[in-house]
Trainee: 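Before we start, here is the structure in question, set down as structure tokens.
Starting from 1, each residue takes its place in the sequence as its number.
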Amino acid sequence: MPYPGDCSKYQQCDASGCFVMRCGIGTEFNPAIGTCDYPLRDRTGCNNRG
């Protein structure tokens, strides 16, 4: 699941709860494929971008 406001992070959830994970340097979480990927040009909600 995406992490609100920061596309360099994502949430991995299971029965015990959700854990915040970080993507590798230079990548962002891509919810369309459910994994970290190269940054997409038009991403709303990525407040961590400069």
Trainee: CE of Met21 to SG of Cys13: how many Å apart, nearest 0.5 Å?
Mentor: 11.0 Å

Trainee: Looking only at atom types and distance, does a side-chain atom of Gln11 sit under 3.5 Å from a main-chain N or O of Pro2, one as donor and one as acceptor?
Mentor: yes

Trainee: Would a 4.5 Å heavy-atom cut-off, applied to side chains only, mark Phe29 and Cys7 as touching?
Mentor: no

Trainee: Would you call Tyr10 and Cys23 a side-chain contact if the rule is heavy atoms closer than 4.5 Å?
Mentor: yes

Trainee: May I have the list of side-chain donor-acceptor pairs in residues 31-40 shorter than 3.5 Å, sequence neighbours left out?
Mentor:
{"residue": "Asp37", "atom": "OD2", "partner": "Asn30", "partner atom": "ND2", "Å": "3.2"}

Trainee: Calculate, to the nearest 0.5 Å, the distance between atoms CE and SG belonging to Met1 and Cys18 respectively.
Mentor: 5.5 Å

Trainee: For the atom pair CZ (Arg22) and CG (Asp6), what is the distance rounded to the nearest 0.5 Å?
Mentor: 6.0 Å

